[in-house]
Undergrad: 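So that we are looking at the same thing, I have put the structure below in structure tokens.
Below, chain A is the first sequence line, B the second, and so on; all start at residue 1.
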There are 2 protein chains.
Amino acid sequence: MKIDAVAQRYQISAPTLRYYERQGLLGPVQRVHGVRDFCQADLDRIDFILCVKQCGMTLKEMKHFIDMYHQGDTTIDERLAVLQHQLSVSQQRQVQLAQSIEHLKTKIGDVRALQAHSQTK
Amino acid sequence: MKIDAVAQRYQISAPTLRYYERQGLLGPVQRVHGVRDFCQADLDRIDFILCVKQCGMTLKEMKHFIDMYHQGDTTIDERLAVLQHQLSVSQQRQVQLAQSIEHLKTKIGDVRALQAHSQTK
DNA sequence: CCTTGACTTAAAGTATACTTCAAGGCGTAA
DNA sequence: TTACGCCTTGAAGTATACTTTAAGTCAAGG
């Protein structure tokens, strides 16, 4: 799979994919005549990156995680700890987001009341 | 209320509060002998800023919103539209976050299985 | 009176995550 | 063979949101 197809599939730009590879999050992706050809493992990796990115993990943290992954079984405990920590952080964010959304709804209600008032003047 | 007290109360740094004022999100906050003295309106504003920030609004967007607020009643419709748009964006993020959290839980399960396996070897 | 500590300013620096640019290579259709 | 389109590279540029630094002010306590 070439870079543009991958970019389309995951809704990210081709330069971003190249950037991820440069940062060591990906590959090195195999080249055919110098052109990247993403294999299933690369796609799975992108899937992982996008997932933990959504969960709030930074590229630096991902790099650390991936480096541990390449070091093999001895790092399983730490990798598990990192993922569990990230889960807990994400769940906190989830709660905070829910609160802020409720807060925002209240503020919208306030503005709506003001709007109704100004229209009846 | 002086800047350090406000900073402590909202768990943000004093330089960040000064930065927000410089960006036009706050005040100008009243000074007593050159020292900022935050009034209730300022605190309410900070509350608003932190809420919409949690919801994913950028400082630029907040600035736009606050500028409209200062322009008065004629901007109510647009302000309401901005807040409703932000609500919808935040709710989308909430859904995506929930999905990514589930995804992450699955990945944690996978690693845990691997871990159990390597221990029984 | 003088030191201390908390505040002030403007400006420069940092971190994160990309994006854009300039110059160029490769393979296929005309 | 030449033009087209998609790909390549390294390096520089951008956006966002702060943080840090340097130099200085001011009121209160010893």
Side-chain angles (χ1 to χ4, degrees), chain A residues 1-39 42-43 45-46 48-67 82 86 89-90 93 96 100, chain B residues 1-39 42-43 45-46 48-67 82 86 89-90 93 96 100:
Chain A
M1 217 176 176
K2 284 202 256 181
I3 201 164
D4 265 28
V6 177
Q8 265 215 310
R9 172 157 168 182
Y10 291 100
Q11 293 290 294
I12 52 179
S13 74
T16 297
L17 284 167
R18 294 191 193 102
Y19 170 74
Y20 286 169
E21 188 186 3
R22 260 203 315 287
Q23 299 306 306
L25 301 183
L26 240 40
V29 178
Q30 205 196 337
R31 316 289 157 114
V32 175
H33 300 296
V35 175
R36 286 176 184 80
D37 182 28
F38 291 77
C39 68
D42 295 324
L43 300 183
R45 176 64 61 78
I46 293 168
F48 172 78
I49 290 169
L50 296 180
C51 168
V52 294
K53 185 177 159 63
Q54 277 290 331
C55 287
M57 193 180 277
T58 65
L59 301 196
K60 205 173 186 176
E61 290 166 335
M62 291 179 209
K63 177 71 166 73
H64 179 214
F65 185 89
I66 288 163
D67 286 349
V82 166
Q86 191 58 52
V89 167
S90 309
R93 278 185 62 87
Q96 282 188 329
S100 295
Chain B
M1 218 173 174
K2 284 201 258 181
I3 201 164
D4 265 27
V6 176
Q8 265 214 312
R9 174 158 166 183
Y10 290 101
Q11 294 291 293
I12 51 178
S13 73
T16 298
L17 283 167
R18 293 193 193 100
Y19 170 73
Y20 285 170
E21 188 186 0
R22 258 203 317 287
Q23 299 306 308
L25 302 181
L26 282 180
V29 178
Q30 206 195 340
R31 316 289 157 114
V32 176
H33 300 295
V35 175
R36 285 175 185 80
D37 182 29
F38 290 78
C39 68
D42 294 325
L43 301 182
R45 175 65 61 78
I46 294 167
F48 172 77
I49 290 169
L50 296 180
C51 168
V52 294
K53 186 178 159 61
Q54 277 290 332
C55 288
M57 194 181 277
T58 65
L59 301 197
K60 205 173 187 174
E61 290 165 336
M62 292 180 208
K63 176 71 166 70
H64 180 215
F65 185 89
I66 288 164
D67 285 348
V82 167
Q86 191 58 54
V89 167
S90 309
R93 279 183 62 86
Q96 282 189 328
S100 296

Undergrad: Less than 4.0 angstrom between a side-chain N/O of Thr16(B) and OP1 or OP2 of dA17(D), yes or no?
TA: no
Undergrad: For Arg93(B), does the CZ atom have more than 12 heavy-atom neighbours from other residues, nucleotides or ligands under 6.0 Å away?
TA: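 12 or below, so no.
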Undergrad: Look at Ser13(B) and dT19(D) and indicate whether a side-chain polar atom (N or O) is within less than 4.0 Å of OP1 or OP2.
TA: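 Answer is yes, contact under 4.0 Å.
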Undergrad: Between dA6(C) atom P and Arg18(B) atom CZ, what is the distance in whole Å?
TA: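 Distance, rounded to whole Å: 12 Å.
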Undergrad: CD of Gln23(A) versus C1' of dA11(D): gap in Å, rounded?
TA: 14 Å
Undergrad: If you only use heavy atoms from C-beta on, which nucleotide in dT20(C), dT19(D), dC7(D) is closest to the side chain of Lys2(A)?
TA: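 In terms of side-chain proximity for Lys2(A), the closest of dT20(C), dT19(D), dC7(D) is dC7(D).
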Undergrad: Hey, which sits more toward the 5' end of DNA chain D by its nearest nucleotide, Val35(A) or Thr58(B)?
TA: Val35(A)
Undergrad: Take atom CD in Gln8(A); do more than 12 heavy atoms of anything else shown fall under 6.0 Å from it?
TA: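 No.
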Undergrad: Does dC18(C) have OP1 or OP2 under 4.0 Å away from a side-chain N or O of Tyr20(A)?
TA: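 Tyr20(A) to dC18(C) OP1/OP2: side-chain N or O found under 4.0 Å.
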Undergrad: Roughly how many Å is it from CD1 in Ile12(A) to P in dC18(C), rounded to a whole number?
TA: 8 Å
Undergrad: Closest to the Ile3(A) side chain: dT8(D), dC18(D), dT19(C)?
TA: dT8(D)
Undergrad: With a 4.5 Å limit on heavy-atom distance, are the side chains of Leu43(A) and Arg9(A) in contact?
TA: yes
Undergrad: Please state how far atom CD1 in Ile49(A) lies from atom P in dT16(C), giving the value in whole angstrom units.
TA: 17 Å
Undergrad: Give the rounded distance in Å between these two atoms: OH of Tyr19(A) and P of dC21(C).
TA: 18 Å
Undergrad: Would you kindly compare Gly34(A) and Arg22(A) by the position of their nearest DNA chain D nucleotide and give the one closer to the 5′ end?
TA: Gly34(A)
Undergrad: Heavy-atom distance under 4.5 Å between the side chains of Lys60(B) and Thr58(B), does that happen here?
TA: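 Yes. Closest side-chain heavy atoms under 4.5 Å.
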Undergrad: Using whole Å, what does the distance between atom P of nucleotide dA17(C) and atom CE of Met57(A) come to?
TA: 11 Å
Undergrad: Whole Å only: how far is the CZ atom of Arg36(A) from the C1' atom of dG25(C)?
TA: 14 Å
Undergrad: Is there side-chain contact between Leu50(A) and Ile12(A), with at least one heavy-atom pair below 4.5 Å?
TA: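 Yes, their side chains come closer than 4.5 Å.
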Undergrad: Between dT8(D), dT19(C), dT20(D), which nucleotide has the shortest distance from any of its atoms to the side chain of Arg31(A)?
TA: dT8(D)
Undergrad: Does OP1 or OP2 of dA27(D) have a side-chain N or O of His33(B) closer than 4.0 Å?
TA: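 Answer yes for this pair, as a side-chain N or O of His33(B) is under 4.0 Å from OP1 or OP2.
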Undergrad: Nearest whole angstrom, please: distance from the C1' of dC26(D) to the CG of Asp4(B).
TA: 16 Å
